[in-house]
Amino acid sequence: MHLDFEAKYEGEARNEIGLLGENINKLSASLERSISELKTANNELQRDIEKKEQIDVMRKEFLANVSHELKTPIALIQGYAEGLSEGVNDDPESRSFYCEVIMDEASKMNNMVKKLLTLNQLEFGNDVVAMERFDVAALVKNYVQSAGILTRQNEITVRMEDYGPIFAWGDVYKTEEVFTNYFSNAVNHCQAVDPGKGKIIVISLEQREGKVRIGVFNTGRPIPEESVPHLWEKFYKVDKARTREYGGSGVGLSIVKAIMESMNQKYGVENYNNGVLFWFELDGNQQS
């Protein structure tokens, strides 16, 4: 159907023809508005359908991933619980080992569920972002100090300049969550590269162009380039065997992505010959 809404009756006659022409002009304008509203509604409907289809695909992928991730710990818990029940290797040392495996696997499952709940709140916008001005250098230093026992156990040297107060704007608790994920990631993947230097993590805070960039670098193998774009996806693991070894869920960097996007700030990762740097930015103030 071809409708030409530019065609108008332009006569000035005050008779039946003129009255008919004016009414046709009004009808044409009304029809044009109605078609415009209909097209707008149709476009919105199409977007809603596409969004629903996308959510449906994401839901199916999510369920498949969760099922896959829970399958191993559930199987281990079941197997070792049955072993205890049946008295397999019924000596104190074996029983203790069986119980430790069950507790460890249950802890991994609990950790993953907690992270998934956090991610769900962030992705669906149910979590309020409370922006405030705070000393990000103090936050980082306090966390690194509290994690000292972890880095010593893993024989990791942490290097960080003695920064004075560096103020930035952001959600304090969410910022700490981002840094915690980066730091834990660095500890779990840190390896000695240069002979005699051991395993090293370097924390950096850089002020530039009204921003504060917080970086966490760890020595070790660079991330394969084909894996870099997928790092922020839920359940993606570069090294599945190693991730499972330290109890990783594959959800931490997805939480980082959701948090940084909720604060409208940038984040990223950079490969180096001797390691990997993860970074994020916040709106900053001048050093005080």
Side-chain angles (χ1 to χ4, degrees), residues 69 73 76 96-97 99-119 134-163 166 171-194 196-205 213-223 231-232 235-257 259-260 267 269-270 272 274-280:
E69 292 298 321
L76 285 170
S96 176
F97 173 72
C99 289
E100 285 176 7
V101 171
I102 291 171
M103 289 187 294
D104 185 50
E105 294 302 321
S107 176
K108 288 175 183 177
M109 289 172 62
N110 185 46
N111 182 51
M112 187 177 74
V113 170
K114 284 181 179 178
K115 289 197 170 187
L116 287 172
L117 289 172
T118 299
L119 185 59
F134 67 99
D135 184 354
V136 67
L139 181 151
V140 169
K141 281 191 283 189
N142 288 339
Y143 180 82
V144 171
Q145 185 176 8
S146 67
I149 187 171
L150 183 63
T151 51
R152 286 193 295 272
Q153 284 175 347
N154 286 275
E155 299 180 336
I156 296 172
T157 300
V158 179
R159 295 178 181 172
M160 178 178 174
E161 290 183 26
D162 186 18
Y163 295 101
I166 300 176
D171 186 302
V172 178
Y173 298 105
K174 287 181 171 55
T175 300
E176 185 171 22
E177 178 79 6
V178 171
F179 184 79
T180 298
N181 274 297
Y182 277 176
F183 193 86
S184 299
N185 216 38
V187 169
N188 292 325
H189 291 87
C190 197
Q191 295 177 323
V193 176
D194 299 322
K197 291 188 177 180
K199 297 187 284 188
I200 299 169
I201 290 176
V202 181
I203 310 297
S204 59
L205 288 89
R213 175 172 287 202
I214 299 93
V216 181
F217 171 86
N218 67 271
T219 56
R221 293 194 302 267
I223 298 168
L231 288 175
W232 316 98
F235 302 111
Y236 186 81
K237 301 170 185 176
V238 177
D239 186 341
K240 292 181 174 61
R242 189 170 180 195
T243 302
R244 166 142 193 85
E245 183 183 333
Y246 64 75
S249 62
V251 180
L253 292 179
S254 299
I255 291 176
V256 168
K257 176 179 182 289
I259 288 175
M260 296 313 301
Y267 58 96
V269 59
E270 297 173 13
Y272 290 85
N274 63 336
V276 179
L277 170 72
F278 280 92
W279 59 268
F280 67 96

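Quick caveat: nothing in here was measured; it's all calculated off a predicted structure.
- Note: Tyr182 and Trp279 fail the aromatic proximity criterion, with ring centroids not under 6.0 Å apart.
- In this structure, the side chains of Val136 and Phe179 stay at 4.5 Å or more apart for every pair of heavy atoms.
- Leu150 has its side chain within reach of Asn154: a pair of non-hydrogen atoms, C-beta onward, lies under 4.5 Å apart.
- Test Ile200, Thr219, Val187, Asn218 against Ile156 for side-chain contact (heavy atoms from CB on, under 4.5 Å) and you get one pass: Val187.
- Taking 4.0 Å as the cut-off between side-chain N and carboxylate O, Lys257 and Glu177 do not count as a salt-bridged pair.
- Residues Leu277 and Val216 fail the side-chain proximity criterion, which asks for heavy atoms closer than 4.5 Å.
- Taking every heavy atom of both residues into account, Arg221 and Val276 meet most closely at O-CG2, 3.7 Å.
- In this structure, the side chains of Asp162 and Lys141 come closer than 4.5 Å at one or more pairs of heavy atoms.
- Scanning both residues, Ile214 and Val140, for their nearest heavy atoms gives CG2-CG2, 4.4 Å.
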Exercise. Would Gln145 and Tyr143 satisfy side chain to side chain donor-acceptor pair (under 3.5 Å), going step by step from the backbone distance to the final call?
Worked result: CA-CA 5 Å; Gln145 185 176 8; Tyr143 180 82; over 6 Å; no
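- Side-chain contact between Ser204 and Tyr163 is present, with heavy atoms from C-beta onward closer than 4.5 Å.
- Note that NZ of Lys197 is 8.5 Å distant from CG of Asn274, once rounded to the nearest 0.5 Å.
- Phe183 places a side-chain heavy atom less than 4.5 Å from the side chain of Ile203.
- The number of heavy atoms from other shown groups lying within 6.0 Å of CD (Gln153) is above 12.
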